[in-house]
Amino acid sequence: MKLSTVQKMQLKNAVERVLHVPGNYTGGVLEMTIVVDHSYEKEEISTYIKEIVSALKGFGEVFRTVRMNLVHYRREETIENEVVPATYLQMGKCFESYTCDSTQKSLDPLLANLKFYHARSKLIIAILKDIEQVKQRQQTLHSLQPFLYRKLILMNEEQLQLGNELYHRLLLDQETL
């Protein structure tokens, strides 16, 4: 998977929107999280992550020095967190022990994990096969509040979606039930 020019612009605009939310990023070393869904093949996700990190570094000085957290979303019950240098992501060294697991996953446990472990991150990019997979609306809404929906970018090879778009759609769906 490669990022097209349009996708790079969409990513840049989404990142700018997230970082410029009042009270989010005020300067200094940026702490960010990248979530990797293990439904992708190793070569596919490695190439995609390299493209994303290279694009981010090209956006400006903010991404030159980053505290990078990597979340491996293997199964709903297996979510692993690690801190890695951004250059390791660019070189693909973080994917040496990567295994593909194409089981169906929901956003619910992932968002709960992100809220609990990655509250300090100012930018969270989740690369998921199925962005729309929500089983329990209330749990997802609870996980997105009070701040996660403002920091989250959900993406796959076809689309890019901000966390606040997901949050507002879930709120509207709940009101119509």
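Residue numbers run from 1 in the order of the sequence given. Values below: all heavy atoms of this structure, side chains included; hydrogens, waters and symmetry mates excluded.
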Side-chain donor-acceptor pair present, E157, Y40, cut-off under 3.5 Å: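 E157 vs Y40: donor-acceptor pair found between side chains.
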
[atom1] of [X] to [atom2] of [Y]: how many Å apart, nearest 0.5 Å?
X    : Y    : atom1 : atom2 : result
L107 : T140 : CG    : OG1   : 6.5 Å
D37  : K129 : CG    : NZ    : 8.0 Å
N113 : D108 : CG    : CG    : 12.5 Å
Q139 : L144 : CD    : CG    : 10.5 Å
L170 : Q138 : CG    : CD    : 9.5 Å
N81  : H72  : CG    : NE2   : 9.0 Å

Taking a hydrophobic cluster as the set of Ile, Leu, Val, Met, Phe, Trp and Tyr residues connected by side-chain heavy atoms closer than 4.5 Å, whether directly or through intermediates, do [X] and [Y] fall within one such cluster?
X    : Y    : value
F59  : I125 : yes
M155 : V21  : no
L110 : Y117 : no
Y88  : V66  : no
V84  : V53  : yes

CZ of R17: more than 12 outside heavy atoms within 6.0 angstrom? no

Is the number of heavy atoms from other residues, nucleotides or ligands within 6.0 Å of CZ (F147) greater than 12? yes

Applying the side-chain contact (heavy atoms from CB on, under 4.5 Å) criterion to I127, which one of I45, I153, V35 satisfies it? I45

Have a look at I124 and tell me which of L148, L111, V18 forms a side-chain contact (heavy atoms from CB on, under 4.5 Å) with it.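 Running side-chain contact (heavy atoms from CB on, under 4.5 Å) over L148, L111, V18 with I124 returns exactly one hit, L148.
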
When you compare the side chain of [Y] with that of [X], does any pair of heavy atoms fall below 4.5 Å?
X    : Y   : answer
S54  : Q90 : yes
L11  : K8  : no
H118 : N69 : yes
V6   : Q10 : yes

[X] to [Y] - nearest heavy-atom pair and separation:
X    : Y    : answer
K135 : E76  : NZ-OE2, 3.3 Å
G58  : R64  : N-NH1, 4.4 Å
S39  : S102 : OG-CA, 4.1 Å
A86  : K57  : CB-CE, 4.1 Å
L152 : A126 : CD1-CB, 4.4 Å
N156 : Y48  : O-OH, 3.1 Å

Which word best sums up how the rings of H168 and Y149 line up, parallel for under 30°, tilted for 30 to 60°, or perpendicular for over 60°? perpendicular

Check the orientation of H38 and Y98. Use parallel for under 30°, tilted for 30 to 60°, and perpendicular for over 60°. parallel

All pairs passing salt bridge (Lys or Arg N to Asp or Glu O under 4.0 Å) where residues 78-91 contributes a residue, at least two apart: R74-E80

Going through the distances and angles, do L19 and L30 end up as a side-chain contact (heavy atoms from CB on, under 4.5 Å)? CA-CA 10 Å; L19 292 182; L30 175 68; 3.9 Å; yes

Take L160 and Q7, measure what side-chain contact (heavy atoms from CB on, under 4.5 Å) needs, and give me the verdict at the end. CA-CA 8 Å; L160 184 139; Q7 289 172 321; over 6 Å; no

Could you please spell out the steps behind the side-chain contact (heavy atoms from CB on, under 4.5 Å) verdict for L114 and K151? CA-CA 11 Å; L114 290 173; K151 301 176 178 186; over 6 Å; no

Who are the salt bridge (Lys or Arg N to Asp or Glu O under 4.0 Å) partners of E31, not counting sequence neighbours?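 E31 satisfies salt bridge (Lys or Arg N to Asp or Glu O under 4.0 Å) with R67, R120 once adjacent residues are dropped.
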
With no hydrogens and no angle check, is any side-chain donor or acceptor of K122 less than 3.5 Å from a backbone partner on T26? no

Can any side-chain N or O of Y167 pair as donor or acceptor with the backbone N or O of R150 at less than 3.5 Å? no

